[in-house]
Amino acid sequence: MEIERINENTVKFYISYLDIEDRGFDREEIWYNREKSEQLFWQVMDEVNYNEDDFNIDGPLWIQVQALDKGLEIVVTKAQISKDGQNLELPTESGKTIDLPVDEKIESLLDEKFGNEEEIDDDIIAMEDLSFIISFSDFEDIIQLSHYFPLVEGLTDGLYHYEDKFLLLLQFDDEQLTDEEQEDVLSQVLEFGQESTVTIHVLQEYGKEIFEDTALSQVKHHFPID
């Protein structure tokens, strides 16, 4: 496992699927078994804490997970709860703070790690939905994809421009799409682009947003093919 300290609030680590299997986890179950994925997370966080003595888990965490071809890239940022308790205050690399609403996606820390829920107080963990970022060097590839790709319910697709590349952010709703359907969507998109190592946090902070959602449908509408 590779660990990179981004700043005092953020640490990034990369873990290969082979390393995951060596730890006794199956590659598929970490995607679809919440308990197993949490066990893996806290196992690697113990290693992060061992290697980064001053990165203590003493409050809420914002966790971003990106699936790459040979492993997972996970970015963990320490956040704070706003005084009114309505937002997570998430520090960025530029020194600014992003306010994120505390909603149904934010869940209590694991009971086995921090005790019973009644004892947790304001310690929370925010985990983003599994997402994929696909990179395109040529906008023409996105146009071609938009005319080939069918409308998919349960898929959120946003388009950004960052460092001379077009990046398509895909996020799935597990309640509407089965595992097989998600894999089918990814395989279709990857025929036109390739997985990016850019994280969601960097993309949304520094990338130029072109379409927040329904990106492929909008590209198809604005760029017809004769």
Side-chain angles (χ1 to χ4, degrees), residues 1-79 93 105-115 120 123-135 167-175 177-191 193-203:
M1 184 175 71
E2 301 175 9
I3 301 174
E4 178 184 355
R5 185 64 177 269
I6 305 300
N7 53 43
E8 62 178 345
N9 297 304
T10 304
V11 65
K12 177 171 68 175
F13 52 92
Y14 170 82
I15 181 170
S16 68
Y17 293 125
L18 181 60
D19 192 0
I20 289 173
E21 292 174 356
D22 288 342
R23 295 166 186 266
F25 297 91
D26 181 83
R27 173 174 174 173
E28 295 299 321
E29 71 181 359
I30 63 171
W31 293 129
Y32 311 117
N33 186 314
R34 177 63 181 271
E35 181 179 355
K36 291 294 185 180
S37 63
E38 289 175 341
Q39 290 177 4
L40 174 63
F41 172 75
W42 289 116
Q43 187 180 114
V44 297
M45 280 306 298
D46 285 340
E47 293 185 33
V48 170
N49 292 333
Y50 178 81
N51 288 278
E52 303 289 340
D53 294 333
D54 57 342
F55 193 83
N56 299 314
I57 303 176
D58 53 3
L61 301 176
W62 184 254
I63 305 165
Q64 300 173 88
V65 181
Q66 183 173 347
L68 303 178
D69 186 39
K70 296 183 179 180
L72 302 178
E73 181 181 83
I74 304 174
V75 179
V76 181
T77 300
K78 293 191 291 186
E93 296 179 17
K105 290 185 179 180
I106 298 178
E107 304 179 6
S108 299
L109 283 171
L110 302 179
D111 289 349
E112 62 267 27
K113 191 74 176 180
F114 292 94
I120 292 177
D123 286 333
I124 61 176
I125 180 172
M127 298 189 69
E128 290 192 340
D129 292 336
L130 180 63
S131 59
F132 298 85
I133 298 177
I134 312 301
S135 174
L167 299 172
L168 186 66
L169 172 59
L170 303 177
Q171 293 179 295
F172 297 105
D173 185 338
D174 289 335
E175 295 183 358
L177 292 169
T178 66
D179 301 343
E180 292 76 14
E181 289 171 332
Q182 294 180 30
E183 292 177 2
D184 183 56
V185 168
L186 280 176
S187 64
Q188 292 181 58
V189 175
L190 288 172
E191 292 181 16
Q194 58 185 2
E195 290 187 55
S196 171
T197 58
V198 176
T199 65
I200 295 179
H201 180 66
V202 170
L203 183 62

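All of these numbers come straight from a predicted model, not from anything done at the bench.
Taking each heavy atom of F25 and Q43 in turn, the nearest pair found is CE1-NE2, 3.7 Å. E181 approaches L177 most closely through the heavy-atom pair OE1-CA, 3.3 Å.
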Test log, rule side chain to side chain contact (heavy atoms under 4.5 Å, CB included), inputs F172 and V185 = CA-CA 10 Å; F172 297 105; V185 168; 3.8 Å; yes
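Side chains of F13 and M45 form a contact here, defined as non-hydrogen atoms less than 4.5 Å apart. Between L168 and F132 the shortest side-chain heavy-atom distance does not fall below 4.5 Å. A 4.5 Å side-chain heavy-atom check between I74 and K12 finds every atom pair outside the cut-off.
Of the inter-residue distances, the one linking L40 atom CG with D26 atom CG reads 11.5 Å to the nearest 0.5 angstrom. The structure places OG1 of T178 at 8.5 Å from CD of E183, a figure rounded to the nearest 0.5 Å. I133 contributes atom CD1, which lies 8.5 Å from atom CD of Q171 (distance to the nearest 0.5 angstrom). Between the CZ atom of R23 and the CD atom of Q39 there is a distance of 13.0 Å, given to the nearest 0.5 Å. Between the NZ atom of K70 and the CG atom of D19 there is a distance of 14.5 Å, given to the nearest 0.5 Å. Taking CG from L170 and CD from Q182, the interatomic distance works out to 10.5 Å, rounded to the nearest 0.5 Å.
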